[in-house]
Student: 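Once you've had a glance at the structure underneath, I'll fire off some questions.
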There are 2 protein chains.
Amino acid sequence: MTVDTSVMRKFNMSYVRRVGALEESFLGSGLPYGTARILYEIGLGAETVQDLRTRLGGLDSGYVSRMLRSLESKGFVATERDPADGRRRLVVLTEDGLKQWDDLERRSEERAHLLLDPLTQRQRDRLNEALATADLLVRAATITIEPVDPRDPMAQEAMGHYFAEIGERFGFTVGDEGFGDDPSLRPPHGTFFVAASDGAPVASGGVREFPSTSSGHRDERTAEIKRMWVDPAWRGAGLGSRLLRHLEAEALRLGHQVVRLDTRDVLTEAIGMYERAGYERIDRYNDNPHATHFFRKQLR
Amino acid sequence: MTVDTSVMRKFNMSYVRRVGALEESFLGSGLPYGTARILYEIGLGAETVQDLRTRLGGLDSGYVSRMLRSLESKGFVATERDPADGRRRLVVLTEDGLKQWDDLERRSEERAHLLLDPLTQRQRDRLNEALATADLLVRAATITIEPVDPRDPMAQEAMGHYFAEIGERFGFTVGDEGFGDDPSLRPPHGTFFVAASDGAPVASGGVREFPSTSSGHRDERTAEIKRMWVDPAWRGAGLGSRLLRHLEAEALRLGHQVVRLDTRDVLTEAIGMYERAGYERIDRYNDNPHATHFFRKQLR
DNA sequence: TCATGTATCTGACTTTAGTCAGGTATTTCC
DNA sequence: GGAAATACCTGACTAAAGTCAGATACATGA
């Protein structure tokens, strides 16, 4: 597979040179770049030191600590012990800090205007459309698909979306006791995957031995795909098929040669996706009242 | 005029975070960022210290000098007095430097692959198209239009394109004696403008008193637009009209109330542009054998 | 409860990045 | 031919960015 990178590289060259941007806009604010980024991220919602560290791409803890001290001495941020976990420190902007944040925001805005103002409205519309498309695709390309314990908050959040969507909502919400634990979806019986973009779940799905209920006989060769969900905003971006490939690979790894799954007629995109991925229609194999379509694929 | 900057800002946020990129790709090469950029630009064709300084956005000369010494001591670049001007120093990559350059190139390529590889071919095509569009528009927005002496190398280069295109090429090329000097296109009789992107001329045009030849009477109220040229790659980007507005403003500043110009039937886009800009057809007013259409606009 | 791990901090350091004030050839312009 | 401008250099400096080795307080799980 040969991939032509020239357009992207040309774009990077010229765009980064012109927009270096977000970056440079932080300068001239009186704060050094790193410190300004810390302040900006706090304003954006970072709540703890750790939060800041991950958002800024894993900076040294001592380094961050020092920058926070500097922001505190300038009166821009205040810190406080986290009552829930005394090791953690909560960080918030003071009133002055908020002013400073607004200033950064204004600079960033000005920077964008510098680029947009010389264009005609038609050109601006074209540019916006192009950037939105590029943004979506670049986000799609950087999505990570990771196995997580179904009890993990990320998994619970994803399943929350899933259940909300199929209308099978239970009487509790995420954050309370969660959607319970399904041992069949974690090792050694199965695996649950969450696809995330910028730390937020955008798709999820699990694979498990089939069936795990006591009603049927256990078939060592067959696995079942469950709770597959793709954020509506992300549909049509090829994310579903990518996740499906992950789940199939996992089924193989767990020793199965066949996968089954059920879905509903209203999910037309999903049905199309399964068909394109080589799934064949089979008869109903369970008594799930929400399911209308049943599929099967021979993996090997 | 309200301009919505949100799409661009959202894009910058997410793209720069993911692709910081060109930048980060320079790291891990064993060279500090600034030094790596110097080496990279030399490989890209920078020939003198001054050339490097302008390409890198006006770095301090001492700073660049020091980085060059460091690259020399590592055996990556060699410098030499410019025989044509003893003050200048020519810089070239050594064999080792070329290897290092290839390494930077490879890192940059890898970085682009990281984003493109997870996408399907269709998605890659969409991304490429979006980035190319964004690139063109962003370049268009950052074009600068400056008055220059017609004898200036930039002006000579632009006029070279102009004459080559209309087939009136003289018997000499730019770099020799140039396209001669037309005093009517420089103060106090007129002005010549060059629009440049990344230091290269992409459009040009001049305005002067009409007529400046001895064959007609001098009309103090009327100016003439001459040698208007837009790089073929840039046509349709609104650059022509932008330049035209500059020329009209300059004509006013020079004390004229009317502008005239001639053009040729084959330049259909240009003719459309003049009409949209409020120019009206008039009778032939000179004996230019290449001109077929004549226009006039009342400025005030 | 005790070992182990986590979240943050302090101090001591190094490297980069960048500025500023001269200085030395060399060229250009009158 | 001499003054002014140009192209590059050196030295002395500052601030920012980042690393590393502990220290401290708190949380967690057997």
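Keep in mind that what you see is a predicted model, and the values were worked out from it rather than measured. The chains referred to below are lettered A, B, ... by the order of the sequence lines, with proteins before strands, and numbering in each begins at 1.
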Student: At under 4.0 Å between heavy atoms, how does the protein contact nucleotides 3-9 of chain D? Give one character per nucleotide, 5' to 3', with B, S or -.
Tutor: ---BSSB
Student: Find the distance Asp60(B):CG to dT14(D):C1' and express it as a whole number of Å.
Tutor: 13 Å
Student: How long is the line joining OH of Tyr33(A) and P of dG18(C), in whole Å?
Tutor: 13 Å
Student: Is a side-chain N or O of Ser108(B) found less than 3.5 angstrom from the main chain of Glu105(B), in a donor-acceptor match?
Tutor: no
Student: Would you check if the side chain of Ser65(A) reaches a backbone N or O of Ser61(A) as a donor-acceptor pair within less than 3.5 Å?
Tutor: no
Student: If I take atom OH in residue Tyr63(A) and atom C1' in nucleotide dT8(C), what distance separates them, rounded to the nearest angstrom?
Tutor: 17 Å
Student: Roughly how many Å is it from CZ in Arg37(A) to C1' in dA16(D), rounded to a whole number?
Tutor: 15 Å
Student: How many Å lie between CZ on Arg81(B) and P on dT24(C), as a whole number?
Tutor: 17 Å
Student: On DNA chain D, does the nearest nucleotide to Thr35(A) precede the nearest nucleotide to Asp82(A) from the 5' side, or the other way round? Give the residue.
Tutor: Thr35(A)
Student: Looking only at the side chains, is there a donor atom on one of Ser197(B) and Arg139(B) sitting less than 3.5 Å from an acceptor on the other?
Tutor: no
Student: In terms of the nearest nucleotide of DNA chain D, which residue is placed more toward the 5' end: Ala84(A) or Gly34(A)?
Tutor: Gly34(A)
Student: Just jot down the side-chain hydrogen bond (donor to acceptor under 3.5 Å, both in side chains) partners of Thr191(B), sequence neighbours excluded, or say none.
Tutor: Glu250(B)
Student: Flag the pair Leu115(B) / Thr142(A) as yes when at least one side-chain heavy-atom distance between them is below 4.5 Å, and no otherwise.
Tutor: yes
Student: Please check if any side-chain donor atom of Arg89(A) sits under 3.5 Å from a side-chain acceptor atom of Thr79(A), or the reverse.
Tutor: yes
Student: For Met67(B) and dG18(C), give me the distance from atom CE to atom C1', rounded to whole Å.
Tutor: 9 Å
Student: Rounded off to whole Å, could you give me the CG-to-C1' distance for the Leu56(A) and dA16(D) pair?
Tutor: 16 Å
